[in-house]
Protein chains: 2
Amino acid sequence: METTQQTGEPGAAERRRRELLEAADRVVLRDGPKASMNAIAAEAGITKPILYRHFGDKAGLYQALAVRHTDALLDSLRAALDAPAERRRRVESTLDTYLAAIEARPQVYRFLMHPAEDSHTAERGFDVGLHSAPLLRRLGEELAQVISERVDLGPGGERLARVWGHGIVGMMHAAGDWWLGERPCERADLVAALTDLLWGRLATAGNREDGPGF
Amino acid sequence: METTQQTGEPGAAERRRRELLEAADRVVLRDGPKASMNAIAAEAGITKPILYRHFGDKAGLYQALAVRHTDALLDSLRAALDAPAERRRRVESTLDTYLAAIEARPQVYRFLMHPAEDSHTAERGFDVGLHSAPLLRRLGEELAQVISERVDLGPGGERLARVWGHGIVGMMHAAGDWWLGERPCERADLVAALTDLLWGRLATAGNREDGPGF
DNA sequence: CTCCGGAAGTTACCAGCGGTAACCCACCTG
DNA sequence: CAGGTGGGTTACCGCTGGTAACTTCCGGAG
């Protein structure tokens with residue numbers, strides 16, 4: 001235990017917080033989405049209540065963790081998006097960056113994608129949204145912004161960009177999730193297939209001669 | 001209670017099962033993804049253990065419910081996919097069918113998409129997959145099959161079709177989820193935007209003159 | 001009619017979860 | 001020395017998914 005107590009420095013709380021987050025990271029990396037507050041506290045060498053003092057509730061800790069990883073991932077993705085190359089190369093590079101990330105730390109990203117709900121929070125009148133994965137939403141919004149400010153989509157382009165942002169992120173996520181589970185091909189193949197899809201190959205491909213047509 | 005017991009008919013168990021599923025449907029429709037076994041049992045007018053006798057565990061009941069809804073939805077989607085029209089119209093119609101479904105019963109589809117994990121099941125060695133939403137997987141595989149048997153994709157088309165199936169379904173799901181939460185536009189607008197995306201408009205659109213280019 | 005097997009259903013419980021109240025103790029300050 | 005304040009703990013609450021053990025009712029066999 002070392003009795004490192006009452007340091008007095010104002011920055012101590014933030015450092016402690018980072019320590020706790022790193023401990024949480026470790027246990028999430030080990031246990032996946034079913035990481036419990038007890039386990040995280042134990043890994044950090046302390047007990048639950050101080051975790052709750054720092055993060056409020058599980059959603060708070062989840063959010064802090066998510067912000068961390070999302071920031072890191074977003075930096076990588078922005079770098080890929082900004083590389084000096086033609087548009088298709090950039091899209092490929094971005095997809096590959098995302099897939100490499102979830103391949104390297106599947107447990108973490110599963111935790112981020114499936115938060116398991118807060119349980120007794122909701123009931124805000126009509127209530128529809130913001131239930132699931134904030135990471136995906138953030139990625140979607142971010143991509144939407146990039147598209148919106150760089151691609152000329154004419155009138156209504158704003159809306160189009162947002163739809164595309166969330167749609168592309170969803171495509172990436174679902175395909176990546178499925179690929180992680182079945183590993184049916186190399187990462188590069190997956191990237192190529194998805195890029196082909198975004199490049200409209202579904203529209204231009206011909207019907208099979210022996211099929212009912214499409 | 002009516003004392004309807006020991007009927008002797010062999011089909012009685014199946015009818016009971018359907019009754020229970022309908023009760024589960026009702027409470028899921030009311031409580032969303034946080035529907036508990038207790039609540040479902042209460043709604044069905046019985047207690048937990050018999051629920052467990054019928055479905056094994058929560059995952060079993062979840063699966064039974066999912067199969068039901070997925071079957072129904074798949075029928076609608078197949079109908080849309082098979083309508084006599086050009087390819088683009090079919091894709092639009094399919095997207096619209098899906099979105100209309102989740103718009104009509106958001107609670108149900110949220111429950112299906114976010115099962116909240118079983119907790120103490122896993123640990124199969126390396127363990128990666130099949131953690132989350134079987135509905136999405138089924139939709140993805142189904143769409144993959146349709147694409148694969150109708151569209152001529154040349155060599156490697158099988159793999160391409162599977163990637164596209166899961167990718168398109170993911171796009172549909174994420175965009176739909178986001179749209180349900182924010183309602184930024186009419187359903188028809190969303191359908192058009194997604195179809196444009198699949199038709200490669202991202203590839204053909206020009207760069208903004210005032211932006212950094214993409 | 002009696003007795004038995006078995007299915008339906010119940011009560012009562014278990015372990016574990018997220019979350020919290022109340023207490024403890026060491027330190028720094030006056 | 002008094003005392004307040006921050007980091008920490010124990011012990012608990014209500015709830016969840018899941019189960020063991022008991023009761024009740026039925027149809028059929030002797």
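Note that these values count all heavy atoms, side chains included, but never hydrogens, waters or copies made by symmetry. Given the structure is predicted, the values throughout are model-derived calculations rather than measurements. Every chain is numbered from 1 and lettered A, B, ... according to where its sequence line falls, protein lines coming before strand lines.
A donor-acceptor distance shorter than 3.5 angstrom exists from the side chain of A:Trp179 to the backbone of A:Cys185, with no hydrogens or angles considered. One N or O on the side chain of A:Trp164 and one on the backbone of B:Ala193 form a donor-acceptor pair closer than 3.5 Å. Judged purely by atom type and a 3.5 angstrom limit, B:His69 uses its side chain to pair as donor or acceptor with the backbone of B:Leu65.
Separating the OH atom of B:Tyr62 from the P atom of D:dG18 is a distance of 14 Å, rounded to the nearest angstrom. Residue B:Met37 contributes atom CE, which lies 17 Å from atom C1' of C:dC14 at whole-angstrom precision. Whole-Å rounding puts the A:Phe55 CZ to C:dG19 P distance at 13 Å. Atom CD1 in A:Ile50 sits roughly 12 Å away from atom P in D:dT10 (whole-Å rounding). Between A:Lys58 atom NZ and D:dT16 atom P the separation is 16 Å, expressed in whole Å. Across the protein-nucleic acid pair, B:Arg17 atom CZ and C:dA8 atom P stand 13 Å apart, rounded to whole Å. Spacing between atom CG of B:Asn38 and atom C1' of D:dG14 amounts to 12 Å, rounded to whole angstrom units. The nearest whole Å value for the distance from the CG atom in B:Leu51 to the P atom in C:dA8 is 14 Å.
Taking 4.0 angstrom as the limit, B:Thr47 places none of its side-chain polar atoms (N or O) nearer than this to OP1 or OP2 of C:dG9. For the OP1/OP2 pair of C:dG9 and a distance below 4.0 Å, the side-chain nitrogens and oxygens of B:Arg16 include at least one atom meeting the criterion.
Each of B:Arg16, B:Arg17, B:Arg15 was checked for a salt bridge (Lys or Arg N to Asp or Glu O under 4.0 Å) with B:Glu19, and the lone residue meeting it is B:Arg16.
Residues B:Pro49 and A:Ser36 each lie close to DNA chain C; by heavy-atom proximity, the contact nearer the 5' end of the strand is made by B:Pro49.
Side-chain N/O atoms of B:Arg53 and base N/O atoms of C:dG9 include a donor-acceptor pair closer than 3.5 Å. Put simply, the side chain of B:Lys48 and the base of D:dG18 share a donor and an acceptor less than 3.5 Å apart.
Using a 4.5 Å heavy-atom threshold, the side chains of B:Tyr62 and B:Asp57 count as separate.
Nearest nucleotide to the A:Asp57 side chain, out of D:dT9, C:dG19, D:dG18: C:dG19.
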